[in-house]
Each structure stands twice: as structure tokens, then as C-alpha cells.
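A quick write-up on the structure given underneath.
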Protein chains: 2
Amino acid sequence: MTKQHSHQHGHDADHVHDHNHNHCIDTALATAETLCLEQGQRLTKVRRRALELIWESHRPLGAYQLLAKLAEEGFNSAPPTVYRALDFLLAAGLIHKVESMNAYLGCAHADRAHKGYFLICDECHNVMEFDYQDIHAALIAKAAKQGFELRAETIELTGLCADCKAQATDAHAVGTSA
Amino acid sequence: MTKQHSHQHGHDADHVHDHNHNHCIDTALATAETLCLEQGQRLTKVRRRALELIWESHRPLGAYQLLAKLAEEGFNSAPPTVYRALDFLLAAGLIHKVESMNAYLGCAHADRAHKGYFLICDECHNVMEFDYQDIHAALIAKAAKQGFELRAETIELTGLCADCKAQATDAHAVGTSA
DNA sequence: TTTGAGTTGTTATACCATAACAAAATTATA
DNA sequence: TATAATTTTGTTATGGTATAACAACTCAAA
Ligand SMILES: [Zn+2]
Ligand SMILES: [Zn+2]
Ligand SMILES: [Zn+2]
Ligand SMILES: [Zn+2]
């Protein structure tokens with residue numbers, strides 16, 4: 001299990017970070033540049049900035065949220081701009097799409113091929129990416145047994161994260177109304 | 001593994017059924033009525049007809065496709081009509097939503113609580129629902145280890161189904177161009 | 001028969017995503 | 001360097017998915 005961002009555990013958007021998130025962003029961007037260079041891909045201004053903005057968000061970011069941020073900075077504000085950037089970043093494995101949220105998330109492990117498996121909190125909407133080789137292998141085997149050739153996996157688990165569960169318990173114990 | 005419809009293996013929409021699909025529909029509707037009765041839920045005309053139409057489709061059905069069919073039959077043609085019916089059917093466990101397709105599928109096992117796991121063919125777009133208790137247990141355990149309380153699972157696997165794979169192989173062997 | 005809960009009708013709007021073609025920038029080639 | 005080919009971006013338009021808000025109706029219980 002890998003927490004996507006180690007700071008992604010707050011319960012409200014204004015939660016104070018307990019580490020320098022700039023480090024995460026810098027690392028992700030450096031990886032992105034290396035990968036694009038290796039693969040002869042061009043990490044253009046808008047693609048690079050889109051990736052940064054996705055990383056700067058503490059939650060999966062919707063396409064139009066991202067588009068608005070890009071527009072604020074002088075980039076073209078029409079939808080194809082953002083979808084092209086997202087398509088590029090997805091194809092490069094630099095971000096994942098969370099299907100059940102229609103939102104996009106930076107991947108901290110873009111340098112190694114993998115499927116994105118996610119734990120999504122219903123309460124705080126934080127998302128953790130996790131890695132589970134056992135499940136991946138089991139799914140491939142299961143599919144193969146049906147003659148099905150697996151190409152992609154959408155594994156999105158929702159529920160209550162540890163922090164939100166603790167908070168709910170606390171509130172109950174104290175007898176908080178509502 | 002349970003094929004959602006045993007006839008869902010054709011490669012084109014006009015594939016001739018090899019069984020009487022009306023039986024599937026009748027069974028599903030009977031189950032739906034029993035469940036609603038037991039739970040004090042009202043399977044109204046529009047809800048019932050929506051469920052039938054979803055079952056009559058050989059593929060997961062989009063909300064607006066369903067809406068059009070309902071409208072043809074004299075039901076109100078505004079979006080809330082269909083989304084209300086879908087919400088009801090989802091909550092009752094009578095259908096599943098395939099997140100990666102934004103489409104809805106009848107569930108043949110509504111009478112026993114379960115998660116909908118799907119195998120989706122990229123080529124023919126048929127969907128098979130499957131049940132995998134091992135994976136379900138593993139996911140719960142994995143989440144619990146993180147203090148995460150699992151509530152819902154979106155497991156959607158895409159790739160090439162056995163039929164489409166065979167067809168592709170045949171075409172190749174025969175030396176078909178393209 | 002009144003009351004209240006649940007359901008449906010209706011209008012409007014927000015959000016998500018792509019098609020199609022023109023213009024510009026970049027890279028490769030002559 | 002000039003030219004051509006390729007990729008990327010700009011622009012306009014459209015299509016697809018989903019919900020908000022409030023009024024009207026239905027049905028069953030009190
Ligand atoms: Zn990842
Ligand atoms: Zn949470
Ligand atoms: Zn099911
Ligand atoms: Zn197929």
C-alpha cells in the first residue's frame with residue numbers, strides 16, 4: 001500500500017500540511033521529464049503545468065477544475081486544451097483517472113508500469129493509491145480461465161478512511177449532536 | 001463466474017439468441033417484485049418498465065438510451081425521470097452501474113447481497129458479471145489493514161473476450177488484410 | 001377527510017467529453 | 001537555410017451525463 005500523498009489525510013480542504021508538498025511535486029515533475037525524454041515525448045508548457053496543477057491539488061481534480069486553473073494562467077480556456085493534456089499524461093502513465101469520480105490524480109510511481117488501484121473516502125474524498133500484486137495476479141488468472149485477455153483494470157474501493165472513522169467515533173463518544 | 005446473460009457472447013448487435021431471453025427478464029422481474037414487497041418498496045410502472053428495458057438490452061444501457069425508450073412508450077422524457085428510476089433500482093440492488101462506461105446493467109443475483117465485478121470486452125462491448133469471493137475477502141482485509149472501512153467496490157476489468165480473441169486469431173490465420 | 005410521505009412533472013442548469021478543421025510551432029529533410 | 005512533414009495548439013460547435021429546485025400529483029395512514 002502506498003499513500004498517494006502522505007499528507008492526504010486531512011478532513012477538510014484547509015487542513016494544514018504536515019510536510020512540504022512541493023517536494024512531491026518536484027519529484028513527480030522530475031520523473032515526468034526523465035520519462036518523456038527517454039520516450040521521445042514532449043512535455044510542453046501546458047502539459048507540464050497541467051501535471052503540476054494536478055499534483056498541487058489535494059484531491060483528484062476534475063477536467064474543468066483543471067481547465068479553469070489553466071485559463072487563469074493565460075492558457076487557452078477551451079475544453080480540448082485540458083483533455084489533450086490529460087490524454088497525454090494518462091498515456092504517459094503520469095496520472096490516473098478515477099472513473100467513479102470523473103477526476104484525475106497524479107501518480108507517484110510513473111516510472112514503473114502498474115495499474116492504479118484506489119481507496120476513496122466517501123467522507124473526506126481523499127484518495128490513496130495502493131499496489132496489490134496478489135490481487136493483480138489473481139485477476140489475470142481469473143480472467144484467463146474464461147479465455148479473457150485482460151488489458152486494463154479499474155479497481156476503486158470506497159468507504160471510510162481511518163481518520164474519518166476515528167473522527168466519527170470521537171464525535172459519537174463525546175455525544176455531539178447531529 | 002456467472003455470465004450475466006448466457007446469450008451475451010455474440011460479436012455484433014444482431015447476433016441471434018440461442019435461448020429465450022424472455023425467461024431471464026421474467027425471472028429478474030419476479031425477483032424484483034418479491035424484493036420490493038419484502039422491503040416495503042414500490043416498484044412503480046416507470047421503475048418496472050425501466051428494469052425490463054435494461055434487461056431487454058444486450059449491453060449495458062446508457063441513461064439517455066433508456067430515457068429515449070421510456071419516452072417512446074409515453075413516459076415523461078425529462079432526465080430526472082430516468083435518473084430517479086436508476087437511483088431506485090441501484091439502491092435496491094436490482095441493477096449495477098458500470099462506471100467506466102456510464103451505463104447500467106441488470107443484476108441476475110439481486111436476491112443475494114454482493115458486489116458487481118465485471119469483465120468488459122473492448123471489442124464487442126459485452127459485459128459479464130462475475131463473483132469472486134476470494135478477491136472480495138482480500139480487498140476487505142487489505143483495506144482493514146489501513147483502518148479503511150470498505151463500503152463499495154468498483155471492479156471493472158477490460159480486455160478481449162474469448163470469442164473476440166478467437167475471431168481475431170482466425171482472421172489473422174486466414175491472412176485477412178486490415 | 002385531512003395529513004403527510006413518497007413519487008412524478010417540469011424547467012433549468014451544471015458538468016463531462018469529443019468532433020472537425022484551421023493555425024502555429026517544431027522537427028526532419030533537402 | 002529553405003522546404004516539407006509532423007506534431008501541437010486554437011477555435012467553434014456539439015454531444016453526452018447528471019443534478020438542483022420547486023410544483024403537482026398519488027396513495028395510504030390517521
Ligand atoms: Zn499509479
Ligand atoms: Zn476520510
Ligand atoms: Zn450483480
Ligand atoms: Zn468480445
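Residue numbers start from 1 in every chain, and the chains themselves are labelled A, B, ... in the order their sequence lines are given, proteins ahead of strands.
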In whole angstrom, give the distance that lies between atom [atom1] of [X] and atom [atom2] of [N].
| X | N | atom1 | atom2 | result |
| --- | --- | --- | --- | --- |
| A/Leu66 | C/dA17 | CG | C1' | 14 Å |
| B/Phe88 | C/dG6 | CZ | P | 13 Å |
| A/Leu67 | D/dG10 | CG | P | 11 Å |
| A/Glu99 | C/dC16 | CD | P | 13 Å |
| B/Leu43 | C/dG6 | CG | C1' | 15 Å |
| B/Lys97 | C/dC16 | NZ | P | 12 Å |
| B/Leu61 | D/dA18 | CG | P | 12 Å |
| A/Asp87 | C/dA17 | CG | P | 10 Å |

Give a yes/no on whether any side-chain N or O of [X] is located under 4.0 angstrom from OP1 or OP2 of [N].
| X | N | result |
| --- | --- | --- |
| B/Asn102 | D/dA18 | yes |
| B/Tyr104 | D/dA18 | yes |
| B/Lys45 | D/dT26 | no |
| B/Arg47 | C/dT8 | yes |

First encountered from the 5' end of DNA chain C, between B/Gln41 and B/Ala78: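 Between the two, 5'-proximity favours B/Gln41.
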Between B/Tyr64 and D/dT17, do the rings stack, that is, sit under 5.5 Å apart with planes less than 30° off each other?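 Per 5.5 Å and 30° rule: yes, stacked.
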Per the ring-ring contact (aromatic ring centres under 6.0 Å, His included) rule, which among B/Phe118, B/Tyr117, B/Tyr104 passes with B/His96?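 Exactly one pass, corresponding to B/Phe118.
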Indicate, with a heavy-atom threshold strictly under 4.0 Å, whether B/Arg42 touches base, sugar-phosphate, or nothing.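 Contact class for B/Arg42: sugar-phosphate only.
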Contact check, side chains of A/Val127 and A/Leu119, non-hydrogen atoms, under 4.5 Å: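 Contact flag for A/Val127/A/Leu119 side chains = no.
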Does a side-chain heavy-atom distance below 4.5 Å link A/Arg112 with A/Asp131?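 Yes, close enough: below the 4.5 Å cut-off.
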Could you tell me whether the side chain of B/Arg84 has a donor or acceptor atom within less than 3.5 Å of a complementary atom in the base of C/dG6?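 Absent.
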Classify the side chain of A/Tyr83 and the base of C/dA19 as holding, or not holding, a donor-acceptor pair under 3.5 Å.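 No, the side chain and the base share no sub-3.5 Å donor-acceptor pair.
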Closest to the A/Pro79 side chain, choosing from D/dT11, D/dA18, C/dA17: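 The nucleotide sitting nearest to the side chain is C/dA17.
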Check for me whether A/Lys142 meets the cation-pi criterion with B/Tyr132, that is, NZ or CZ under 6.0 Å from the six-membered ring centre and within 45 degrees of the ring axis.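 Relative to the ring axis of B/Tyr132, which defines the angle, A/Lys142 lies inside both limits.
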Could you pull out the closest heavy-atom pair between B/Asn76 and B/Leu67, with the gap in Å?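 Taking B/Asn76 first and B/Leu67 second, the nearest heavy atoms are O-CD1, 3.9 Å.
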